[in-house]
Amino acid sequence: MDVTAIIAPLNDAQREAVTTETRSTLVLAGAGSGKTRVLVHRIAWLLRVAHATPWSILAVTFTNKAAGEMRARIEPLLGGPQGGVWSGTFHAISHRLLRMHWKEAGLPQTFQIMDSDDQLRLIKKVLKALELDDSRYPPKQVAWFINSNKDEGRRPAALAQSDPSQRQMVRLYEEYEKHCARSGVVDFAELLLRAVETLRDDARLLEHYQRRFAHLLIDEFQDTNAVQYAFVKLLAGANGGVFVVGDDDQSIYGWRGARVENILRFQQDFPGTKVVRLEQNYRSTNGILKAANAVISNNTERLGKNLWTDRGEGETVKVYGAYNEHDEAQFTIERIRRFVDAGHARAECAILYRSNAQSRVFEEALLSARMPYRVYGGLRFYERQEIKDALAYLKLIENRNDDASFDRVVNTPTRGIGAKTLDEIRDEAKREGWSLWQSARSLLARKSLPARAASALEGFLRLVQELDDSIEGLPLGEQVDAVVQGSGLLEMYAKEKGDKGEARTENLGELVSAARGFDPDDAPTIVADNSIEAQGSPDGAVLLDGRAVGDPITPMAAFLAHAALEAGEGQAAEWEDCVQLMTLHSVKGLEFPLVFMTGLEDGLFPHQRSVEDGRGLEEERRLCYVGMTRAMQQLYMTYAEQRRLYGSDTFGMPSRFLREVPTDLIEEIRPRVQVARPMYASHGGALPETATRVAPGSSLYEPPAIKLGARVRHPVFGEGVVLNSEGQGAQARVQVNFERAGAKWLVMQFAKLETI
DNA sequence: AGAGCCATTGTTTTT
DNA sequence: CAATGGCTCT
């Protein structure tokens, strides 16, 4: 393997990035510009040309999927699997550090990871324990408060306690942390924060890793939050090489703490950063690209970048204004059918929408059209109830103090441990500061429970202990099998009637086979490969206290972490050729020859709640940009004039993003016959259509004459508020709720409305 | 323990 | 329009 093979397939900008010798590099990689390629080739370059050792490289990605893809692409380039390189998500890497250095991190060796679902349950418990009203402090909001503070690196002590409700929130945060500590569980945000704090506060550990990881590579840098940024900065230290790749125009996770500003900050914090822009797009035709560029250019907070391509103009972007959501679905399917009839695969087509709820109409239509499809998102394997039950038993076997797991299965299957007994246990736990397991044992020892409850509880404790004893020394798969059966879960779900029970027992079976097939070595970020560290790297990485750095991780611990960190795909990968349905968020990173962006109506997309502030709107616009740039050959953008939402009909205006595409780049497809809008339109695509150039004055380009929520005055009815509007141009009507006369529909053309 | 009833409440998602 | 959660009643 020589240098040519690594750099030959690259364009100038890509090559400049891959071969850079500056300490810090920022690659601004536009959509479809070969971002992953640059990352992969950079690693190959470091190994083969700069002669870096594998263990000096740490590559961080945003999702597990991306990490897997990166690993898969490095292999052929280097002619074999690359052991020693640490790669994975920030969470997986943090987890690995914490497992190895649990002592330094102040965690029990058997600490367990708590997912968002467990977290919410715990918060509800804490609310109850503090006797706070959960309608005044909605658990979701509390979770948001805790998580976003952790994402920003703030512990309760660092928080202002300005007003009483803020004080309560901080108290909840504190109490929540106590519960976590007591039961030895760690939530997602905690994984990161704890890892950063541990490194920060332990000079020897920090020095070891700073010296070891001479090369840091971070993907999707625009999606990093404050703690992740701190993590990078900490590990880089004063000398480490940092190579970050990102695209400010594709930052769509601001709402969960991601900070685009990190890109700007990076250049300040790492003086001398070389900035490389990848602007040549290899994915889309020029028409699509120009349209996408036009939309994103409306954002003010940009680093600036213009994608170009040397592919041909291609087809124009098509816009379709449907009567309603059913018409929208029919139209979409009809176009897919044409595409497929022309010899394409269904899997080349993607239907995108803003929110998951919108998939339903498409699913129904696809079903009745007998067209196979696959919906991304939804309930994932390790999030299923029966799987979580089984995992809870396993976690409890690992760590008796895991309260979340105790709570979950103490009475599953039912064994006569009711609310009353549990309250007793919880009271005891609160009084003594113990875990539920410890409290249960104490209550039993003191014989302070009624006989029946006592024997039921006794039975549960014994069951867990017996399971623990019986699986010792067995291979992982047999351990899981023994627990699934011995816990009674399998029997319980087998009794459940109907398909549901069957599906659940099947899933439990799948869990067992997942465990049988689980190879810790396939989860490189989860299992510490101590052998490599023990040998020390040739360039002389230190050993701490002369022993291997950190503790090894058992297969069971690795499996449980894998289940928590990588919740598994929503549906088992079916290899049938099918149409792909997903949200605009989950399409990031993918590409399709034919893309439909649907539901382009103001209020839906951009979403109502984002329209209210400017930054929110810019993020929505980036989401639109992400969607548009997924299309390789053909892009359709559709909206519905009428849509049933939350059980009532709404009349939306075409999305403002549609108006941001220059008219000469799109063709608007409209029904040829202007019929009166049918009440329940569903014309199966049979309606003759015609494609026309959009003329100024077309419905799309006529801004709404009146804003929803505006106050208006009518010569006869007096003052009121605009509730709704419908139609455009001469037919435009508005619904106004008059203070005296009540709600009325008025035709804009005739009603002499005056805004006030 | 489980069925049945009423009220509430609705983005985006990974880890 | 649902899905969810809390509640009561058997």
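Convention: sequence-line order gives letters A, B, ...; per-chain numbering from 1.
- Remark: P of B/dT14 and CH2 of A/W144 are 20 Å apart, rounded to the nearest angstrom.
- Closest approach to the A/H607 side chain among B/dT11, B/dT13, B/dT15 is made by B/dT11 (side chain taken as heavy atoms from C-beta onward).
- Separating the CG atom of A/L352 from the P atom of B/dT13 is a distance of 12 Å, rounded to the nearest angstrom.
- For A/L565, taking side-chain heavy atoms from C-beta onward, the closest of the listed nucleotides B/dT15, B/dT13, C/dA2 is B/dT15.
- With hydrogens and angles left out, the side chain of A/R256 and the base of B/dT14 share a donor-acceptor pair within 3.5 Å.
- If you measure from atom CD of A/E220 to atom P of B/dT15, you get 12 Å, rounded to the nearest angstrom.
- Comparing atom distances between the A/H91 side chain and each of B/dT15, C/dG5, B/dT12 picks out B/dT15 as nearest.
- Not one side-chain nitrogen or oxygen of A/R609 sits closer than 4.0 Å to the OP1 or OP2 atom of B/dG10.
- Looking at which nucleotide of DNA chain B each of A/T63 and A/I252 is closest to, the 5′-most match is held by A/I252.
- Residue A/N356 places none of its side-chain N or O atoms closer than 4.0 Å to OP1 or OP2 of B/dT11.
- The residue A/N411 sits close only to the backbone: its heavy atoms come under 4.0 Å of sugar-phosphate atoms, none of a base.
- Here A/R360 lies in heavy-atom contact (under 4.0 Å) with sugar-phosphate atoms only.
- Here A/F90 and A/H95 keep their ring centres 6.0 angstrom or further from each other.
- The side-chain ring of A/W255 is stacked on the base of B/dT12, judged by centre separation under 5.5 angstrom and plane angle under 30 degrees.
- Between the side chain of A/T583 and the base of B/dT11, no donor-acceptor pair of N or O atoms lies under 3.5 Å.
- At whole-Å resolution of the value, NZ in A/K128 and P in C/dG5 are 13 Å apart.
- Atom CZ of A/R615 sits in a sparse spot, with 12 or fewer heavy atoms from other residues, nucleotides or ligands closer than 6.0 Å.
- To the nearest angstrom, P of B/dT14 lies 19 Å from CE of A/M114.
- One finds the CZ atom of A/F231 at 11.5 Å from the CG atom of A/N225 (value rounded to the nearest 0.5 Å).
- Side-chain N/O atoms of A/Y646 include none lying less than 4.0 angstrom from OP1 or OP2 on B/dT8.
- A residue-by-residue look at A/I417 and A/S586 shows that A/I417 has its nearest nucleotide of DNA chain B further toward the 5' end.
- The six-membered or imidazole ring of A/F62 lies near that of A/Y253, with a centre-to-centre distance under 6.0 Å.
- Nucleic acid contact class of A/E620 (heavy atoms, under 4.0 Å, all strands): base.
- Taking atom NZ of A/K140 as the reference point, atom C1' of C/dG5 lies 11 Å away to the nearest angstrom.
- Taking atom C1' on both B/dT14 and C/dA3, the two are 23 Å apart, rounded to the nearest angstrom.
- Across the C1' atoms, B/dT11 and C/dG6 are found 25 Å apart, a figure rounded to whole Å.
- With B/dT14, B/dT11, B/dG2 as the candidates, the nucleotide lying closest to the side chain of A/S610 is B/dT11.
- Two rings, from A/F145 and A/Y137, have their centers 6.0 Å or more apart.
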Steps toward side chain to side chain donor-acceptor pair (under 3.5 Å) verdict (A/D402, A/S183): CA-CA 4 Å; A/D402 182 341; A/S183 52; 5.3 Å; no
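- Taking side-chain N and O atoms only, A/R354 has no distance below 4.0 Å to OP1 or OP2 of B/dT13.
- Nearest nucleotide to the side chain of A/D134, out of C/dG6, B/dT14, B/dG2: C/dG6.
- The separation between A/N225 atom CG and B/dT14 atom C1' is 11 Å, rounded to whole Å.
- The CD-P distance, from A/E363 to C/dA2, rounds to 13 Å in whole Å.
- Between the CG atom in A/D187 and the CD atom in A/Q119 there is a gap of 4.5 Å [rounded to 0.5 Å].
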